[in-house]
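Worksheet: the structure to be examined is printed underneath.
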Amino acid sequence: MSSANGTANGDVYRSKRSEMDERTIPPLGMTGQRFVDAATSSARGIEQYYANLSTRPVLPSISPGYLQELLAGKAPEHGESWSDIEKDIETAIMPGLTHWQHPKFMAFFPATTTFPSMLGEMWSAALSAPAFNWICSPVITELETVVMDWLAQMLDLPESFLSKGKGGGVIQLSASDTILTVMVAARERFIRRQLAREGVTELEDIEDRSCEIRAKLVALGTDQAHSSTRKAATVAGTRFRTVPVHHSDLYALKGYELRKKIEELHNKGLHPYYLTVTLGTTNTCAVDDFDSIAGVAKDYPDIWIHCDAAYAGSALILPEYRHLSRQMSVVDSFNFNMHKWLLVNFDASCLYVQKRRDLTDTLSITPAYLKNQFSDSGLVTDYRDWQIPLGRRFRSLKIWFVIRTFGVGGLQGYVRHGIKLGNLFADLVRSRSDLFSILTPPAFGLTVFTVNPAKKHRLKLENDGDGADPRPDQDRHIPVKPEAERPELEQANEITKEVFEIIERKREFFLTSTLVGAVYAIRVVSTNPLAEEQYLRQIFDVLVDAAEGVLLKRPSAQTNGPSE
């Protein structure tokens with residue numbers, strides 16, 4: 001009788017091996033031919049999944065614990081055939097999926113993937129290695145260095161981030177891992193510098209004084225920075241304080257607010273050592289004011305400045321955003337996630353540092369079993385010293401495959417398409433200024449908006465001040481001003497939330513809401529590979545119907561004309 005994963009004749013398979021080898025399943029789980037058949041079937045299934053993805057519901061309709069009812073209570077005693085396993089992808093896995101590549105997925109930020117990226121993942125799995133140092137598999141290190149330099153050049157980052165100088169790039173798991181990594185490096189860099197200033201040299205004194213300094217350190221971020229900064233400060237064992245940002249500044253961090261916070265902390269005997277600045281915040285895609293921050297950075301060189309550009313950093317591939325690339329000279333480190341907007345599947349978070357020694361001086365520990373002549377020579381890179389974990393995957397393959405498949409021009413075209421779709425949706429929202437107000441200028445394919453309350457409760461509005469819109473004033477983009485009186489703000493928030501919850505209950509589209517300052521708002525972003533104009537028009541029509549319905553049923557509601 002043949003094995004489920006063996007050859008047509010299990011006895012023939014066993015006869016080719018040592019008599020002491022009693023295994024009935026091939027060492028790699030299948031014979032070569034069965035693997036080819038299974039891989040071919042899987043590729044066919046994946047292609048069909050994407051070809052028909054728009055016909056599936058974007059959100060699952062299951063209850064927590066659904067999978068336990070579908071699967072056996074314990075692992076199978078005997079191996080099963082691939083054909084039986086593959087059937088369960090549709091019956092057990094698909095019902096529980098939220099389809100992030102679906103054209104009606106307009107929530108959070110995208111989590112892209114493409115066929116060349118999938119092929120890179122397959123080869124990475126085939127060539128599995130922990131790759132903690134160069135000698136583990138030299139090409140895993142060297143390809144990473146090459147593609148990270150390619151990307152830095154594509155984004156037009158300052159040359160100091162290239163590997164040919166003192167800096168370089170490394171692929172991390174996520175932007176959150178990146179922030180923790182550089183925050184730990186920032187903490188230890190501050191301590192090293194302070195110890196040097198104080199002339200502390202004895203080993204025991206260094207340890208004691210380091211603990212005293214560490215207890216006074218403070219990490220900084222704005223209230224619009226990603227929560228990973230606060231979490232990293234908790235893990236790093238230091239304080240965290242927020243620097244205020246304002247609607248009038250479009251939620252961008254300004255140098256004067258940063259300086260004020262630093263001086264306030266110094267007056268309390270505390271030492272700011274790290275700051276997250278953002279290029280594209282999660283809530284509104286706000287961009288911090290790097291020019292004014294640069295002036296503060298000159299006066300406080302011991303503060304490590306990290307730029308979190310997890311989503312919007314991909315836009316730097318476009319020449320029209322290169323002015324932001326040039327401003328990155330002020331930061332010690334820069335990070336963006338290819339797996340958000342640049343067609344590589346999770347995980348592919350790209351971290352760049354201006355001085356790699358800042359990382360390696362903190363994270364390099366070499367026990368005897370990791371020593372080798374190549375690392376000792378100093379002529380090779382060991383990326384284990386650039387991250388918190390020891391081992392690492394061959395992630396650069398999928399980046400290499402994607403860049404070579406699309407080319408720089410193809411990637412630019414994709415990013416431009418997403419921004420174009422975002423601008424289209426923003427114009428649709430503006431066309432119904434009687435129903436909606438855009439909270440902040442649309443950016444990087446993201447539109448954040450609120451539903452207008454009834455006329456007598458309408459919030460104060462203000463022009464965006466760009467001075468370039470030729471349309472009549474009543475059609476101009478006029479974002480909500482969150483400094484409205486509390487009853488008015490609460491009224492607006494209630495209505496916007498009610499509209500959002502109607503969309504959420506229908507489950508036809510997947511959107512997310514957010515709270516920006518005190519304003520409840522709806523976010524729409526559709527920059528995934530399968531995003532199309534028709535779906536943006538559809539969700540706009542659904543939003544209009546929901547808003548009109550909510551306003552009509554309110555006693556004081558009336559559909560107003562364009563605001564004046």
Asp308 and Thr276: side-chain hydrogen bond (donor to acceptor under 3.5 Å, both in side chains), yes or no, with the steps? CA-CA 7 Å; Asp308 177 11; Thr276 292; over 6 Å; no

Would you check, one step at a time, whether the test side-chain contact (heavy atoms from CB on, under 4.5 Å) holds for Phe161 with Met328? CA-CA 10 Å; Phe161 287 110; Met328 292 306 106; 4.3 Å; yes

Decide yes or no on salt bridge (charged side-chain N to carboxylate O under 4.0 Å, His left out) for Glu212 and Arg209, but give the supporting numbers first. CA-CA 5 Å; Glu212 292 171 358; Arg209 182 62 183 134; 3.1 Å; yes

Step by step, work out the side-chain contact (heavy atoms from CB on, under 4.5 Å) result for Lys231 and Ser176. CA-CA 9 Å; Lys231 183 175 182 178; Ser176 300; over 6 Å; no

Derivation and outcome, side-chain contact (heavy atoms from CB on, under 4.5 Å), residues Met338 and Cys350: CA-CA 7 Å; Met338 290 194 76; Cys350 302; 3.8 Å; yes

Run the side-chain contact (heavy atoms from CB on, under 4.5 Å) test on Arg259 and Asp299 for me, step by step, so that the C-alpha distance in whole Å, both residues' side-chain angles and the decisive distance to 0.1 Å come before the verdict. CA-CA 9 Å; Arg259 186 181 298 276; Asp299 294 335; 2.9 Å; yes

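Considering every non-hydrogen atom in both Ser333 and Val353, the closest pair reads CB-CG1, 4.0 Å. In this structure, Ser174 and Ser349 approach most closely via the heavy-atom pair C-OG, 3.2 Å. The two residues Thr512 and Phe500 come nearest to each other via the heavy atoms C-CE1, 3.6 Å. Ala232 and Met183 make their closest contact through C-SD, 3.5 Å (heavy atoms, listed as atom of the first residue, atom of the second, distance). The two residues Ala152 and Leu162 have their closest heavy-atom pair at CB-CD2, 3.6 Å. Here the closest non-hydrogen pair linking Leu155 and Ser314 is CD2-O, 4.3 Å.
For the atom pair CG of Asp208 and CG of Leu203, the computed distance is 10.0 Å after rounding to the nearest 0.5 Å. Separating the CD1 atom in Ile293 from the CG atom in Leu253 is a distance of 4.0 Å, to the nearest 0.5 Å. Atom CD of Glu498 is separated from atom CD1 of Ile503 by 11.5 Å, given to the nearest 0.5 angstrom. Atoms CZ and CE, on Arg395 and Met148 in that order, are 10.5 Å from each other to the nearest 0.5 Å. Distance check, rounded to the nearest 0.5 Å: CD1 of Ile399 to OG of Ser396 gives 7.0 Å. Atom OG of Ser292 sits about 8.0 Å away from atom CG of Leu258, to the nearest 0.5 Å.
Defined by atom type and a distance below 3.5 Å, a donor-acceptor pair is missing between the side-chain atoms of Asn493 and Thr496. No hydrogens or angles considered: a donor-acceptor pair under 3.5 Å links the side chains of Arg192 and Thr362. For the residue pair Thr145/Tyr383, the side-chain donor-acceptor check at 3.5 Å is satisfied. Using modelled atom types and a 3.5 Å distance limit, the side chains of Thr238 and Tyr273 yield a donor-acceptor pair. Side chains of Asp223 and Thr242: no donor on one and acceptor on the other come within 3.5 Å. For the 3.5 Å distance criterion, the side chains of His246 and Glu257 qualify, holding a donor opposite an acceptor.
Arg322 CZ: more than 12 foreign heavy atoms inside a 6.0 Å radius. Other residues, nucleotides and ligands contribute over 12 non-hydrogen atoms within 6.0 Å of the CD atom of Glu198. The environment of NZ in Lys497 is sparse: at most 12 heavy-atom neighbours from other residues, nucleotides or ligands sit within 6.0 Å.
The shortest distance between side-chain heavy atoms of Leu536 and Val524 falls below 4.5 Å. Using a 4.5 Å heavy-atom threshold, the side chains of Phe436 and Ile522 count as separate. Side-chain contact between Pro158 and Tyr352 is absent, with no heavy atoms from C-beta onward closer than 4.5 Å. Within the 4.5 Å cutoff, the side chain of Trp304 has heavy atoms near those of the Asp358 side chain. In this structure the side chain of Ile419 reaches within 4.5 angstrom of the side chain of Leu318, judged on heavy atoms. In this structure, the side chains of Cys211 and Arg214 come closer than 4.5 Å at one or more pairs of heavy atoms. Within the 4.5 Å cutoff, no side-chain heavy atoms of Tyr274 are placed close to those of Leu217. Looking only at side-chain heavy atoms (C-beta outward), Lys254 and Val245 stay at 4.5 Å or farther from each other.
No donor-acceptor pair closer than 3.5 Å links the side chain of Thr527 to the backbone N or O of Gly418. For Thr112 (side chain) and Leu343 (main-chain N/O), a donor-acceptor pair under 3.5 Å exists by modelled atom type. Side chain of Asn528 to backbone of Leu530: a donor-acceptor contact under 3.5 angstrom is found. Judged by distance alone, with hydrogens and angles left aside, the side-chain atoms of Glu188 form no donor-acceptor pair with the main-chain N or O of Asp361 at under 3.5 Å. A donor-acceptor contact shorter than 3.5 Å links the side chain of His339 to the backbone of Ala348. A donor-acceptor pair under 3.5 Å is absent between the side-chain atoms of Arg523 and the main chain of Ser513, judged by distance alone. In terms of modelled atom types and a separation under 3.5 Å, the side chain of Gln354 and the main chain of Lys166 share no donor-acceptor contact. In this structure, the side chain of Gln412 engages the main chain of Ile317 through a donor-acceptor pair within 3.5 Å. In terms of modelled atom types and a separation under 3.5 Å, the side chain of Lys398 and the main chain of Asp347 share a donor-acceptor contact. Put simply, the side chain of Ser117 never gets that close to the backbone of Thr113: no donor and acceptor are under 3.5 Å apart.
Of the charged side-chain nitrogens involved, at least one lies within less than 4.0 Å of a carboxylate oxygen, so that Glu144 and Arg392 count as a salt-bridged pair.
In summary, the aromatic rings of Phe108 and Phe510 are positioned with their centroids under 6.0 Å apart. Residues Phe444 and Tyr321 bring their aromatic ring centres within 6.0 Å.
Ring planes of Phe449 and Phe425: tilted class, angle from 30 to 60°. The aromatic rings of Phe336 and Phe334 sit tilted relative to each other, their planes meeting at an angle between 30° and 60°.
Shown are Asn283, Thr278, Thr281; of these, the side-chain hydrogen bond (donor to acceptor under 3.5 Å, both in side chains) with Gln224 is made only by Asn283. The only member of Arg356, Lys355, Arg189 that meets salt bridge (charged side-chain N to carboxylate O under 4.0 Å, His left out) when paired with Asp332 is Arg189.
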